[in-house]
Amino acid sequence: MKWGGAVVSVLSLGLWLASGWHLWYDFDTWAILLEHGRLTTNEFGGRLTPSWPRGFHCGSLYNYSLAPEWGFTHQDKYFGNSLALPLWPFPIVAIAPTVIAWRRDRVANRVLRGLCPKCSYDRAGLVSGAVCPECGAAAPVAISPPAKGI
């Protein structure tokens with residue numbers, strides 16, 4: 001979980017940051033745009049042919065500032081529909097459980113090595129169940145090491 005979460009966190013954060021460069025892909029009647037911190041789809045409904053060249057492009061499509069737009073928007077216009085999904089929640093949703101998984105793994109490794117889970121004090125020689133003399137943390141619950149493969 002911690003490595004998968006790390007990969008998803010980096011990819012979603014990179015996608016959000018890359019949206020400042022206005023990536024887009026245009027089809028005949030609709031387009032997908034990655035712009036201003038959000039993923040936008042535009043459906044032209046055959047009523048409007050976009051003026052930019054078709055295909056994958058990277059650059060500034062419009063003359064906007066690079067300031068991200070934070071909200072969800074939907075527009076139903078005569079020329080077509082537009083739906084914009086903000087990208088900023090995705091890194092947050094990915095990073096939070098990843099940080100928790102890495103922290104839990106670090107604490108579990110300390111306990112397996114015989115260290116205090118709070119301050120990493122070496123608990124060797126202490127009576128089982130004794131509090132940590134360094135920080136006063138309660139004795140860790142014994143964790144057995146993972147079984148080796150057969």
Side-chain angles (χ1 to χ4, degrees), residues 1-46 48-77 79-123 131-132 134-150:
M1 166 134 174
K2 67 179 190 174
W3 286 107
V7 169
V8 170
S9 298
V10 168
L11 289 177
S12 61
L13 186 61
L15 185 67
W16 182 59
L17 292 174
S19 68
W21 283 277
H22 313 293
L23 306 173
W24 68 91
Y25 194 91
D26 176 35
F27 298 94
D28 287 338
T29 59
W30 61 285
I32 299 172
L33 295 92
L34 186 60
E35 60 177 358
H36 303 294
R38 61 190 185 166
L39 181 66
T40 305
T41 62
N42 289 326
E43 177 206 3
F44 304 113
L48 173 71
T49 303
S51 60
W52 60 82
R54 287 183 167 61
F56 178 77
H57 303 281
C58 179
S60 182
L61 174 61
Y62 305 108
N63 196 10
Y64 290 142
S65 70
L66 292 178
E69 296 182 18
W70 300 98
F72 173 84
T73 59
H74 176 265
Q75 296 175 349
D76 188 8
K77 300 179 181 177
F79 292 112
N81 298 321
S82 174
L83 180 66
L85 178 68
L87 297 174
W88 64 265
F90 295 103
I92 293 171
V93 169
I95 290 170
T98 302
V99 167
I100 293 169
W102 279 91
R103 171 123 171 75
R104 290 186 66 164
D105 185 56
R106 190 179 78 191
V107 169
N109 283 334
R110 285 181 185 172
V111 172
L112 284 174
R113 292 185 318 204
L115 304 175
C116 173
K118 187 174 180 183
C119 69
S120 297
Y121 180 80
D122 189 0
R123 297 184 52 88
V131 296
C132 176
E134 185 73 22
C135 68
V141 177
I143 300 175
S144 60
K148 301 286 182 182
I150 298 176

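For reference, positions follow the sequence shown, starting with 1.
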| said: Which residues pass the side-chain contact (heavy atoms from CB on, under 4.5 Å) test with Ser9, not counting sequence neighbours? | reply: Ala94, Ile95, Thr98
| query | Quick one: are Arg123 and Pro140 in side-chain contact, heavy atoms under 4.5 Å? | reply | yes
| task | Would you indicate whether the side-chain heavy atoms of Leu85 and Phe90 approach each other to under 4.5 Å? | result | yes
Do you know which two heavy atoms are closest between [X] and [Y], and how far apart they sit?
X	Y	value
Cys119	Arg110	N-NH1, 4.3 Å
Pro117	Val111	CB-CG2, 3.9 Å
Leu15	Leu87	O-CD1, 4.1 Å
Pro86	Arg38	CA-CB, 3.8 Å
Ala84	Thr40	CB-OG1, 3.7 Å

| field | Identified side-chain contact (heavy atoms from CB on, under 4.5 Å) partner of Arg103 from the options Ile100, Asp105, Val107 | value | Val107
| Under 3.5 Å donor-acceptor, Trp102 side chain and Lys2 backbone |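 It does hold such a pair.
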| note | Value for CD1 (Ile92) from CH2 (Trp16), rounded to nearest 0.5 Å, stands at 8.0 Å
| said: Going by the rule salt bridge (charged side-chain N to carboxylate O under 4.0 Å, His left out), which residues pair with Lys118 if we only count those two or more places apart in sequence or in a different chain? | reply: none
